[in-house]
Chemist: 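Before we start, here is the structure in question, set down as structure tokens.
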Amino acid sequence: MSALRMVILGRQGSGKGTQSLRICEAHGCIHVSTGDMLRSAVAQGTELGLQASKIMDAGGLVSDEIMNGIVAERFSHSDISEHGVLLDGFPRTVDQANALERILGSLSQDLRIALNLDVPIEIVTQRMLDRRREDDTPEAIRRRLELYETQTAPLLDWFTSRDLLSTIDGVGTEDEVFARIDAAIGARS
Ligand code: AP5
Ligand code: MG
């Protein structure tokens, strides 16, 4: 079977990270979370981490140029071609989606599906406030959700136009949401 390459989209706090772990356990793909990569750079105090931490704390977006470079570099590792990938948190802008298309094209790889976890704003806001990650201050949450609407929501049309989008109701227990996701992946296999 060929390696599965997938993207998971959805508002901040919609459960992308939570479901990604389960999806990759079930399908053996590599979970690539750009948020996790940036948090690890911050923890290690690298130059990238120093640049990113202020932006993340304020709920802003790290530049497309930096993010596209990080993801292109990650795709150069052979584990992704061997095992497949689930991208979580990337792409987040149309520029990043175009960059992903170029990266995949240069490797003669394609995407199987873009999963869109649909959860209303009031519910994601409450989930994030309950979670208490460092960048989950009310102001940063507001800013991130605003940027989602202006920068990331246009990607739903971008993926629809390539016949890749599957929208999944992300409200329910983690098991219920996972069952819906697995059915959507199965329907495209
Ligand atoms: P990132 O780490 O991607 O954060 P985010 O977009 O804010 O998304 P979250 O990780 O908060 O939400 P999630 O959907 O993963 O939800 P989770 O599973 O945790 O990015 C952080 C920052 O990095 C960005 O703000 C930006 O600055 C920068 N960045 C990253 N990528 C970038 C890019 N490509 N370009 C530019 N900048 C970038 O779930 C949330 C909570 O809900 C958890 O507590 C969980 O336990 C709970 N939960 C999950 N599922 C359920 C359920 N079914 N029912 C009840 N609770 C649930
Ligand atoms: Mg996450």
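Counting convention: from 1, in listed order, for ligands and their atoms alike. Because the structure is a prediction, the values reported are computed rather than measured.
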Chemist: Which one of R92, M67, Q12 has a non-hydrogen atom at the shortest distance from atom 3 (O) of ligand 1?
Modeler: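 Minimum heavy-atom distance to atom 3 (O) of ligand 1 goes to R92.
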Chemist: Is ligand 1 less than 4.0 angstrom away from at least one heavy atom of R11?
Modeler: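 Under 4.0 Å: yes for R11.
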Chemist: Nearest to atom 50 (N) of ligand 1, what protein heavy atom do you find, and at what distance?
Modeler: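 In this structure, atom 50 (N) of ligand 1 has R127 NH1, 3.8 Å as its nearest protein heavy atom.
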Chemist: May I ask whether G172 places a heavy atom under 4.0 Å from ligand 1?
Modeler: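 The answer is yes, since G172 has a heavy atom less than 4.0 Å from ligand 1.
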Chemist: If we only consider heavy atoms of G59, is any one of them less than 4.0 Å away from an atom in ligand 1?
Modeler: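 The answer is no, since G59 has no heavy atom less than 4.0 Å from ligand 1.
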Chemist: If hydrophobic clusters are built from ILVMFWY residues whose side chains come within less than 4.5 Å, do L4 and V85 share one?
Modeler: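 In one cluster: no.
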Chemist: Using distance alone, with no hydrogens and no angle criterion, decide if N98 and N68 have a side-chain donor and acceptor under 3.5 Å apart.
Modeler: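 Absent: no donor and acceptor within the cut-off.
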Chemist: For atom 34 (N) of ligand 1, what's the nearest protein heavy-atom neighbour? Residue, atom name and distance, please.
Modeler: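 Sorting protein heavy atoms by distance from atom 34 (N) of ligand 1 puts G89 O, 2.8 Å first.
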Chemist: Would you call Q19 a ligand 1 contact, heavy-atom distance under 4.0 Å?
Modeler: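 Outside the 4.0 Å threshold, so no.
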Chemist: Should we say atom CZ of R131 is surrounded by more than 12 heavy atoms from elsewhere, each under 6.0 Å from it?
Modeler: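 Check passes, neighbour count above 12.
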Chemist: Closer than 4.0 angstrom, basic N to acidic O: yes or no for R142 and E139?
Modeler: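 Looking at E139 together with R142, the answer is yes, because their closest N to O distance falls below 4.0 Å.
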Chemist: Answer with side chain, backbone, both or neither: which part of L61 has a heavy atom less than 4.0 angstrom from an atom of ligand 1?
Modeler: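 For L61, backbone and side-chain atoms both sit under 4.0 Å from ligand 1.
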Chemist: Hey, quick one: are I55 and V71 part of the same hydrophobic cluster, counting side-chain heavy atoms closer than 4.5 Å, chains of contacts allowed?
Modeler: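 Both belong to a single hydrophobic cluster.
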Chemist: Regarding atom 9 (P) of ligand 1: of the candidates M128, R131, M56, R143, which has the closest heavy atom?
Modeler: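 It is R131 whose heavy atom sits nearest to atom 9 (P) of ligand 1.
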Chemist: Taking non-hydrogen atoms only, is R144 closer than 4.0 angstrom to ligand 1 via side chain, backbone, both or neither?
Modeler: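 For R144, the contact with ligand 1 is made by the side chain alone.
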Chemist: Is it the side chain (CB and beyond), the backbone, both or neither of D136 that lies under 4.0 Å from ligand 1, heavy atoms counted?
Modeler: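 Neither part.
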Chemist: Tell me: protein heavy atom nearest atom 31 (N) of ligand 1, and distance?
Modeler: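 In this structure, atom 31 (N) of ligand 1 has T34 OG1, 2.8 Å as its nearest protein heavy atom.
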Chemist: Any Lys/Arg nitrogen of R39 or E134 sitting under 4.0 Å from an Asp/Glu carboxylate oxygen of the other?
Modeler: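 No salt bridge links R39 with E134.
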Chemist: Do other residues, nucleotides or ligands put more than 12 heavy atoms under 6.0 Å from E82 CD?
Modeler: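 Enclosed.
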Chemist: For atom 49 (C) of ligand 1, what is the nearest protein heavy atom, given as residue, atom name and distance?
Modeler: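 Looking only at protein heavy atoms, the one closest to atom 49 (C) of ligand 1 is T18 OG1, 3.4 Å.
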Chemist: Could you tell me whether ligand 1 has any atom less than 4.0 Å away from a heavy atom of R39?
Modeler: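 A heavy atom of R39 does come that close to ligand 1.
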Chemist: Among all protein non-hydrogen atoms, which one is nearest to atom 35 (N) of ligand 1, and what is the separation to 0.1 Å?
Modeler: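 Scanning the protein heavy atoms, the shortest distance from atom 35 (N) of ligand 1 goes to Q96 NE2, 3.0 Å.
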